[in-house]
Amino acid sequence: MRLPGVRAVLFDMDGTLVDSDAVVDRSWTQWGTEYGVPAADVLAIAHGNPAEATIAQLRPDLTAPERAVAVARVLDLECDDLSDVVPTPGALELISTLERLGLPWAVYTSASTRLAKARLATAGITPSILVTLDDVSRGKPNPEGYQWAAELLGVPIAQCLVVEDTPVGLAAGRASGATTAGLKGVPADIELPDLHRLIALFTADGG
């Protein structure tokens, strides 16, 4: 194995294990239409960010109760649209490889528990450890969620690999103290064209 210091893998969900990009675009575009925010402005920051932080940035004029309604609205839009949610290329094979090698893994996502469970189930992915925005006091780029996931797995964060596809997610991974792997050209300790590359790294020496 070419990643000898890695004893566990911590995955982001959207864009990393689950291909939900089209759903995210549709849901947030619809939300933007309803709330008077241009689609380009919404989509520039929506991916990987907690919904409340995104909405606070896009509509700072909303009161706290109004912001809560706006968050609930986009959650409903996303949960009601699962039509083309699928695992990303290599995701199921990578999970199978980790389980065969005896390497524990977990998912930490900026999504709510309701949305995360819906998307993961649709993609056929069942993590034993799932940490969501509902489980942390501060979302990404704060490292709290990844540190909590590592603690739940019983593996020191320094011996974990965080796999992400957005700058905000990689920032959380770096701040946590883990080794990082980045998809979609996002700079990281290990840059991945797709998850098949990570399978190759874990099995390079006959694993």
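FYI, the numbering just counts along the sequence from 1.
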> If every non-hydrogen atom of A8 is compared with every non-hydrogen atom of L153, which pair is closest and at what distance?
Replying inline: CB-CD1, 4.0 Å

> Taking all atoms of both residues into account, what is the closest heavy-atom pair of D189 and A178, and its distance?
Replying inline: OD2-O, 4.2 Å

>> Please list all pairs meeting side-chain hydrogen bond (donor to acceptor under 3.5 Å, both in side chains) that have one or both residues in residues 72-82, counting only residues at least two apart or in different chains.
In response: R26-D81, E34-R73, D76-R114, E78-R119, D81-S83

> Which pair of heavy atoms, one from L92 and one from A123, lies closest together, and at what distance?
Replying inline: CD2-O, 4.1 Å

>> Nearest 0.5 Å, please: how far is OG in S137 from CG in N142?
In response: 6.5 Å

> Can you hop from L94 to L3 via hydrophobic side chains spaced under 4.5 Å?
Replying inline: yes

> Is H196 close to E93 at the side-chain level, that is, under 4.5 Å between some pair of heavy atoms?
Replying inline: yes

>> Do Y108 and Q147 pair up side chain to side chain, a donor and an acceptor below 3.5 Å, judged on atom types alone?
In response: no

> If you group Ile, Leu, Val, Met, Phe, Trp and Tyr by side-chain heavy-atom gaps below 4.5 Å, do L77 and L43 land in one group?
Replying inline: yes

>> Walk me through whether D19 and T88 qualify under side chain to side chain donor-acceptor pair (under 3.5 Å).
In response: CA-CA 5 Å; D19 183 354; T88 55; over 6 Å; no

>> Distance check, rounded to the nearest 0.5 Å: L115 atom CG versus T132 atom OG1?
In response: 9.5 Å

> S20 and G15: which non-hydrogen atoms are nearest, and at how many Å?
Replying inline: OG-N, 4.4 Å

> Are Y35 and L75 connected, step by step, through hydrophobic side chains (Ile, Leu, Val, Met, Phe, Trp, Tyr) whose heavy atoms are closer than 4.5 Å?
Replying inline: no

> Got more than 12 heavy atoms from elsewhere within 6.0 Å of NZ, K184?
Replying inline: yes

> Is V163 reachable from I199 through a run of I, L, V, M, F, W or Y residues, each pair having side-chain heavy atoms under 4.5 Å apart?
Replying inline: yes

> Do you know the tightest heavy-atom contact between S110 and N49?
Replying inline: CB-C, 4.1 Å

>> Please find the pair of heavy atoms, one from G173 and one from V162, that lie closest to each other, and give the distance.
In response: CA-CG1, 3.9 Å

>> Do V6 and F202 have side chains that approach each other closer than 4.5 Å (heavy atoms only, starting at C-beta)?
In response: yes

>> Go through it in stages, so that I can follow the logic: the residues are D134 and T113, the test is side chain to side chain donor-acceptor pair (under 3.5 Å), and I'd like the CA-CA distance, side-chain angles, deciding distance and then a yes or no.
In response: CA-CA 6 Å; D134 297 332; T113 300; 3.1 Å; yes

> Can you get from L183 to I125 by hopping between Ile, Leu, Val, Met, Phe, Trp and Tyr side chains that sit under 4.5 Å apart?
Replying inline: yes

>> Please check if the number of heavy atoms outside E144 that lie under 6.0 Å from its CD is greater than 12.
In response: yes

>> D165 and side-chain contact (heavy atoms from CB on, under 4.5 Å): which single residue from D12, L192, V186, D14 fits?
In response: D12

> Taking C-beta and beyond as the side chain, do R7 and P156 meet within less than 4.5 Å on heavy atoms?
Replying inline: yes

>> Measuring only between side-chain heavy atoms, which start at C-beta, is L10 closer than 4.5 Å to I157?
In response: yes

>> Would you compute the distance between atom CG of L58 and atom CH2 of W31 and round it to the nearest 0.5 angstrom?
In response: 5.0 Å

>> Checking E191 against R197 for the salt bridge (charged side-chain N to carboxylate O under 4.0 Å, His left out) test, could you report, in this order, the C-alpha distance in whole Å, the side-chain angles of both residues, the deciding distance, and whether it holds?
In response: CA-CA 9 Å; E191 296 185 13; R197 175 59 179 158; over 6 Å; no

> To the nearest 0.5 Å, how far apart are CG in L152 and CG in L130?
Replying inline: 10.5 Å

>> For I45 and V168: C-alpha separation, side-chain torsions, deciding distance, then whether side-chain contact (heavy atoms from CB on, under 4.5 Å) applies.
In response: CA-CA 10 Å; I45 64 171; V168 67; over 6 Å; no

>> Under a plain distance cut-off of 3.5 Å, with no hydrogens placed, do Q30 and T33 share a side-chain donor-acceptor pair?
In response: no

>> In the structure I gave you, are the side-chain heavy atoms of K140 and E164 within less than 4.5 Å of one another anywhere?
In response: yes

> Does the pair W105 and I129 meet the rule for a side-chain contact (heavy atoms from CB on, under 4.5 Å), with working shown?
Replying inline: CA-CA 7 Å; W105 60 280; I129 299 294; over 6 Å; no

>> To the closest 0.5 Å, what do you measure between CG (L103) and OG1 (T97)?
In response: 10.0 Å

>> In the structure I gave you, are the side-chain heavy atoms of V131 and V136 within less than 4.5 Å of one another anywhere?
In response: yes

> Is the closest side-chain heavy-atom distance between T109 and L120 below 4.5 Å?
Replying inline: no

> Between CD1 of I55 and CD of E66, what distance do you get to the nearest 0.5 Å?
Replying inline: 12.0 Å

> Do L98 and V9 come within less than 4.5 Å of each other through their side chains, counting heavy atoms only?
Replying inline: yes

> side-chain contact (heavy atoms from CB on, under 4.5 Å) with V18: which of V85, V23, V107, V86?
Replying inline: V85

